[in-house]
Amino acid sequence: MTQAIQAMRAGGPEVLEFNEIDTPRPGPGEVLVDVAAAGVNFIDTYRRSGTYPMSYPHIVGSEGTGHIAEVGEGVVSWSVGDRVAWHEGPGSYATQVVVKTDNLLRVPKGVSTEVAAAMPLQGLTAQYLATSSHEIKPGHTALVHAGAGGVGLLLTQIIKHLGGNVISTVSTEAKAELARKAGADEVFLYGEGVDVTAKVKELTGGEGVEVAYDGVGKDTFDASLASLKPLGSMVLFGGASGQVPPFDIQRLNASGGIFLSRPSLAWFVRSSEELAKRSAMLFNGIEHGWLNFRVGATFPLAEAADAHRALEGRETTGKVVLTTA
């Protein structure tokens, strides 16, 4: 039997139950993993609450790390005992989970269990944003919204590693300090009464930035667009404040021939080779000390409901992780 956290129905954290289920079996191209830790993400709460349609009951979670316990038919590149992590493995809030081999990352010895569980989803997102959605070049200046969030802190560090400059927006002074520690060159608080575009133009001598990375969405989109240099890049990768409503595409021309993209991770890890290349940069950063993954809180697997309450209540900074040991 396997122990797992199931969402029994749509609702708040109280619908999560710690149950015993039959141990899943890997099929062709899959492996069974003994889970050491699972990453907690907002998408887990959306699936639990019913914001994203799901069947109930279902095992929550999609990200984690552990050791391979069994390989399925046709699996030749992975072996029992291999230490792995993944960004997409439905049902990861469990002591065992089946994961497709195309989604596996090899975890180096020097990476802790908590970091291995925290890294895949947010780390890979930050990596593709800085290298593919807009390729940061030395001297580029980027506007990073929610700079103290999980993706924001990692994105800031990667931009700095690539030779870029970062202007970070945050919601509190405590978060501003986290953004500065991550390497942000300039940090300011956004919210009611703050003219983001004016502040960005002031900090860039009136020029604006080469790229705006915006995971906030509706509340910041207009200011992000107006903060760009001509031929700049507007990278909208999330909608924490709500989705951006339809708009006249001619605005991109009027704003200086702006490039607009709306990416998501799935399009940047469509092969195991691409996944390995992107994760290699992250693991290199961890091993050589230029990339720090902040694990804000850890909870035992059985206390997943408390982890969701902490995440939704904005009580943590950095990643929340569930451990099985």
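Since this is a predicted model, take the numbers as computed values, not measurements. The figures that follow rest on heavy atoms only: side chains count, while hydrogens, waters and symmetry mates do not.
- The closest side-chain donor-acceptor pair between Thr2 and Thr23 falls under 3.5 angstrom.
- Thr324 has its side chain out of reach of Asp34: every pair of non-hydrogen atoms, C-beta onward, lies at least 4.5 Å apart.
- Side chains of Tyr93 and Asp44: a donor-acceptor N/O pair is present below 3.5 angstrom, by distance only.
- Taken together through direct or relayed side-chain contacts under 4.5 Å among Ile, Leu, Val, Met, Phe, Trp and Tyr, Val235 and Leu124 form part of one hydrophobic cluster.
- Nearest approach of Gly183 to Thr156, heavy atoms of both residues: C-CG2, 3.9 Å.
- Between atom CD of residue Glu202 and atom CD of residue Glu186 there is a gap of 9.0 Å, rounded to the nearest 0.5 Å.
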Working note: Met8 + Asn19, criterion side chain to side chain contact (heavy atoms under 4.5 Å, CB included); need CA distance, chi angles, decisive distance, verdict.
CA-CA 10 Å; Met8 305 307 293; Asn19 296 323; 3.7 Å; yes
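- The shortest non-hydrogen separation linking Val244 to Gly217 is CG2-C, 3.8 Å.
- Rounding to the nearest 0.5 angstrom, the gap separating the CG atom in Asp248 from the CG atom in Asn253 is 10.0 Å.
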Evaluate Ile158 against Met281 for side chain to side chain contact (heavy atoms under 4.5 Å, CB included), listing each step before the verdict.
CA-CA 10 Å; Ile158 294 173; Met281 179 183 182; 3.7 Å; yes
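- Residues Phe188 and Thr169 are in side-chain contact: their nearest non-hydrogen atoms beyond the backbone lie under 4.5 Å apart.
- Residue Val166 comes nearest to Val144 through the heavy atom pair CG1-CG2, 3.9 Å, listed as atom of the first residue, atom of the second, then distance.
- Remark: Arg25 engages Glu70 in a salt bridge, criterion side-chain N to carboxylate O under 4.0 Å.
- Tested against Val99, the residues Ile68, Val84, Val33 include a single side-chain contact (heavy atoms from CB on, under 4.5 Å) partner, Val33.
- Counting only N and O atoms by type, the side chains of His308 and Arg48 include a donor and acceptor under 3.5 Å apart.
- Ring pair His134/Tyr213 is perpendicular by interplanar angle, where above 60° counts as perpendicular and below 30° as parallel.
- Remark: Glu273 does not engage Lys277 in a salt bridge, criterion side-chain N to carboxylate O under 4.0 Å.
- Ser272 contributes no side-chain N or O that, together with a main-chain N or O of Asp102, makes up a donor-acceptor pair within less than 3.5 Å.
- The two residues Arg9 and Val15 have their closest heavy-atom pair at O-CG2, 3.2 Å.
- The pair Lys201-Asp195 fails the salt-bridge criterion, with no side-chain N (NZ, NE, NH1 or NH2) lying under 4.0 Å from an Asp/Glu carboxylate O.
- Within the 4.5 Å cutoff, the side chain of Trp86 has heavy atoms near those of the Val97 side chain.
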